[in-house]
Amino acid sequence: MMNAHTLSTSLAILDDPVLPRVHDEDGSIKKQSAVAQMVTYALLSLGGLVILVPLYWMIATSLKSDSNLFVLPPQFFPNPIVWRNYLDVWTIQPFLLYFVNTIFITLLAMTGEIFSCALVAYGFARFRFPGRDLLFVVLLGTMMLPGVITMIPSFLIWRGLGRIDTFSPLTVGAVFAWGPAYIFLLRQFFMSIPAELEDAAVIDGANTLQVFADIMLPLVKPAMLAIAVLSFSGNWNSFQGPLIYLNSQDKYPVILGLYAFSQSISQEAPKWNYMMALSVIMTLPIITLYFRAQKYFIEGLTVGAVIA
Amino acid sequence: MAGYLLTLGDMALAIVGIALASAAAYKLLPLLGMKREAATGYALIMPWLLGFLIWTAYPILASLFYSFTDFNVFQAPNFVGLDNYVRILTSDTGFWPSLRLTLLYGALSLPLGLAGALAVAMLLARHVRGIGTWRTLYYLPAVIPGVAVILLWRWLLGTDGLFNQALSPLYRVLGVDSPSWFTDERFALPGLIIMSLWGVFGSNAVILLAGIKNIPGQLYESAELDGAGNLAKFTNITIPMLSPTLFYTLILGVIAAVKTFEPGIFIKLNPRTIGTFLQVLVYNNAFAGGNSRMGYASAMSWIMLAVILVLTLLTFRSSAAWVYYESDKKS
């Protein structure tokens with residue numbers, strides 16, 4: 001489940017550098033001196049190294065032969081480059097099946113989550129009903145509640161329903177709008193849309209659900225996409241749920257397969273090359289999404305800024 | 001295949017259930033004299049309302065109830081009063097070391113992490129060419145799955161790992177052996193903190209960066225006219241103006257630190273000696289190795305909540321001294 005932390009991350013990304021900054025336009029920020037710029041670049045590069053060296057090491061390790069994993073001094077450039085590792089990892093455990101499971105869980109939970117949250121956010125943003133503000137405070141309060149409190153009774157509910165070792169506990173809860181942070185963000189977006197748009201549609205005879213689906217949802221599309229990205233990565237990376245609810249291998253998502261593999265490897269000759277290859281494979285979809293979806297985050301802010 | 005269909009069926013059932021409840025609210029509430037608009041509102045928030053009752057409100061009450069019982073899934077729960085709480089606090093050999101480890105981890109990783117994130121944010125707020133690309137790069141560690149990050153750092157921090165190799169000249173100068181970060185218990189906590197510090201890049205830095213960019217430029221200009229140096233500008237403008245954001249990240253950081261789970265699962269720590277993370281202890285009691293001490297684990301989760309509440313309250317109490325809200329000043 002997403003928390004407030006990830007929400008504000010998303011909000012912060014909306015504030016992207018490509019947009020013109022107010023300070024820049026009125027010229028109040030002074031150009032830095034050449035020395036200051038050099039220092040900035042040096043520090044940026046230093047930080048860049050701290051980020052990239054571990055990531056490089058992940059990739060380099062994934063391409064090493066077993067015998068080159070522990071040579072001293074460490075081999076910075078894998079020689080030979082063992083591309084086969086990326087083929088082999090699919091066979092040590094049924095990782096292809098794990099991938100299909102991960103995609104199934106992620107897409108189902110994401111779809112359920114974003115549409116139910118949008119519906120609830122619309123209700124909170126546009127309709128007056130007794131107790132609305134109190135309920136919204138309760139909703140925000142649930143963001144602070146540690147999941148460990150509800151973990152055991154939730155497990156027992158699913159157990160009572162005979163759904164342990166199925167995908168249901170990891171997905172069905174999503175349609176109950178389980179992302180309070182998403183509801184909060186979408187509500188902000190809905191509240192910034194002028195009410196005249198809906199009034200016109202209502203006069204034309206549209207009902208609430210039609211207004212929601214045909215007019216409101218398209219208007220908050222950038223926010224929906226931003227939430228979809230967050231929800232996708234949240235469900236893709238989620239570990240504790242699968243760990244608690246799934247027992248049989250054929251139900252595992254990738255992350256649980258990776259965990260099982262990391263537990264089973266021998267202390268004498270741990271296959272770090274395989275583990276890093278699996279980590280790379282697991283990370284690639286998220287990184288791809290991050291690079292591709294940045295533009296949706298930017299659109300999100302642009303729309304918000306225009307309306308506000 | 002059957003597994004997928006079963007879950008799709010469950011999902012469809014849940015949606016139908018919510019839709020029926022929604023329709024009932026929409027049709028029936030007006031009969032009870034409620035306005036059409038209010039009934040529509042309730043109908044729309046029905047998914048969350050039901051979800052809150054089923055997946056939050058009931059579990060909170062049930063968990064509190066279980067915490068006073070010896071419930072173990074196989075037998076009906078017997079009421080045992082405060083027994084679980086007393087046993088956790090007095091005779092559980094894993095509890096106090098784990099509380100200590102969790103608190104120490106939070107107390108060290110949180111301030112270091114926030115200071116680092118602030119430094120990164122200040123750096124990313126500088127106006128130099130290509131800063132957008134740098135920001136994209138600096139956010140990378142945050143999008144990498146947490147489990148992959150843990151595995152990567154366990155590998156980097158191995159006894160013969162890259163980290164120790166890179167620092168071996170330093171170890172030689174100091175005349176110490178390469179630490180075995182996660183196998184030697186003396187180094188486990190420092191190892192976990194080094195691992196967590198990679199997180200200074202990423203979400204907190206991005207949040208603080210947004211906060212820095214919201215500080216009005218005029219404040220700095222007038223400070224410069226008054227002859228303020230960089231340090232004075234940092235302590236007198238940046239920090240006070242950023243303090244609400246820092247406060248926000250601190251509160252969330254406190255909660256997140258007490259809830260730390262994945263590192264403790266991937267890196268086996270002996271709960272009796274060095275301790276493990278509290279949530280791992282709850283997990284072990286409730287789910288691991290055929291344990292189903294649901295009552296006992298529930299009591300432990302309430303103790304965790306109490307720890308979180310106390311720490312959050314302390315943070316809130318401290319905020320009056322250092323968090324600056326502009327609206328306070330105006331009123």
Side-chain angles (χ1 to χ4, degrees), chain A residues 4-5 8-9 12-13 15 17-18 23 28-29 37 40 43-44 48 51 54 57-58 70 73-74 104 116 119-120 122-124 127-130 142 146 148-150 152-154 166-168 171-173 175-178 208 237 239-240 244 251 255 258 262 272 275 279 282-283 286-287 290, chain B residues 4 6-7 10-11 14-15 37-38 40-42 44-45 47-48 50-51 55-56 59-60 62-63 123 126-128 131-132 134-135 137 140-141 143-148 151-152 155-156 160 162 165 201 203 206-207 210 217 221 252 259 261-262 279 282 286-287 294 297-298 301 304-305 308:
Chain A
H5 209 177
S8 28
T9 310
I13 306 170
D15 194 359
V18 299
H23 317 324
S28 64
I29 295 286
Q37 288 215 14
T40 305
L43 290 173
L44 281 171
I51 291 164
W57 199 240
M58 186 193 240
F70 292 99
F104 177 79
S116 60
L119 208 59
V120 171
Y122 182 53
F124 274 117
F127 297 87
R128 265 167 312 194
F129 49 88
T142 60
V148 70
I149 292 287
T150 54
I152 290 170
S154 302
T166 72
F167 301 117
S168 298
T171 49
V172 174
V175 295
F176 292 91
W178 70 12
T208 308
N237 298 338
F239 173 70
Q240 198 174 8
I244 290 172
K251 301 277 172 30
I255 207 158
L258 191 59
S262 80
W272 280 103
M275 249 177 320
S279 298
M282 211 200 126
T283 305
I286 296 291
I287 297 244
Y290 167 61
Chain B
Y4 302 134
L6 177 87
T7 292
D10 286 351
M11 195 106 172
I15 293 171
E37 183 191 0
T40 313
Y42 279 119
L44 285 171
I45 66 160
W48 174 78
L50 285 179
W55 304 114
T56 308
I60 290 176
S63 165
L123 189 59
R126 320 261 330 220
H127 295 254
V128 293
I131 195 72
W134 286 103
R135 286 176 189 162
L137 169 69
L140 260 188
V143 295
I144 295 174
V147 164
L151 278 177
L152 172 62
W155 169 228
L156 287 165
D160 290 327
L162 189 66
Q165 293 299 326
F201 307 104
S203 45
V206 180
I207 294 169
E221 286 162 44
L252 290 178
K259 289 198 310 186
F261 179 68
E262 290 172 11
Q279 188 151 346
V282 176
F287 302 109
M294 296 303 182
S298 295
S301 68
M304 264 182 77
L305 181 65
I308 289 179

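This is a predicted model, so every value here is computed, not measured. Throughout, a chain's letter reflects where its sequence line sits, starting with A, and its residues are numbered from 1.
Interatomic distance, B/F261 CZ to A/Q240 CD, rounded to the nearest 0.5 Å: 4.0 Å. Within the model, atoms CZ of A/F129 and CD1 of B/I45 stand 4.0 Å from one another, a figure rounded to the nearest 0.5 Å. Here the straight-line distance linking atom OG1 of B/T40 with atom OH of A/Y122 works out to 9.5 Å at 0.5 Å rounding. The distance from the CG atom of B/L156 to the CH2 atom of A/W57 is 8.5 Å, given to the nearest 0.5 Å. In this structure, A/N237 CG and B/E262 CD are separated by 8.5 Å, a value rounded to the nearest 0.5 Å.
In this structure, chain A has heavy atoms under 4.5 Å from both the backbone and the side chain of B/V143. With a threshold of 4.5 angstrom between heavy atoms, B/F287 approaches chain A through side-chain atoms but not through N, CA, C or O. Heavy atoms closer than 4.5 Å to chain B are found in the side chain of A/T208, but not in its backbone. Looking at B/M11, both its backbone and its side chain come within 4.5 Å of chain A, counting heavy atoms on both sides. Of the atoms belonging to A/T283, heavy atoms from both backbone and side chain fall under 4.5 Å from chain B. Of the two parts of B/E37, the backbone and the side chain both hold a non-hydrogen atom closer than 4.5 Å to a non-hydrogen atom of chain A. Looking at B/A297, both its backbone and its side chain come within 4.5 Å of chain A, counting heavy atoms on both sides. Heavy atoms closer than 4.5 Å to chain B are found in the side chain of A/I286, but not in its backbone. Using a 4.5 Å cut-off between heavy atoms, A/F124 contacts chain B through both its backbone and its side chain.
Ring geometry, B/Y4 versus A/F167: the interplanar angle falls under 30°, so the pair is classed parallel (tilted spans 30 to 60°).
Of all the heavy atoms in A/T166 and B/L6, the pair that sits closest is CG2-CD2, 3.6 Å. Closest approach of B/W48 and A/A177 over heavy atoms only: CD1-O, 3.9 Å. The shortest non-hydrogen separation linking B/A14 to A/F176 is CB-CE1, 4.1 Å. Residue A/G48 comes nearest to B/L137 through the heavy atom pair CA-CD2, 4.0 Å, listed as atom of the first residue, atom of the second, then distance. In terms of heavy-atom proximity, A/V175 sits nearest to B/P47 at O-CB, 3.6 Å. Residue B/R135 comes nearest to A/Y290 through the heavy atom pair O-OH, 4.3 Å, listed as atom of the first residue, atom of the second, then distance.
Taking the side chain as every heavy atom from C-beta outward, B/P141 and A/I51 approach each other to under 4.5 Å. Side-chain atoms of A/L44 and B/L123, non-hydrogen and from C-beta on, do get closer than 4.5 Å to each other. Counting heavy atoms from C-beta outward, A/P54 and B/W155 have side chains that stay 4.5 Å or more apart. Side-chain contact between B/L152 and A/S279 is absent, with no heavy-atom pair separated by less than 4.5 Å.
Contact count against chain A (heavy-atom pairs under 4.5 Å) is highest for B/P145 among B/S63, B/A286, B/P145. Interface summary for chain A: among B/L140, B/V147, B/L162, B/I60, the most heavy-atom pairs under 4.5 angstrom belong to B/L162.
The main-chain N or O of A/I149 is never found under 3.5 Å from a side-chain atom of B/S301 such that the two would form a donor-acceptor pair.
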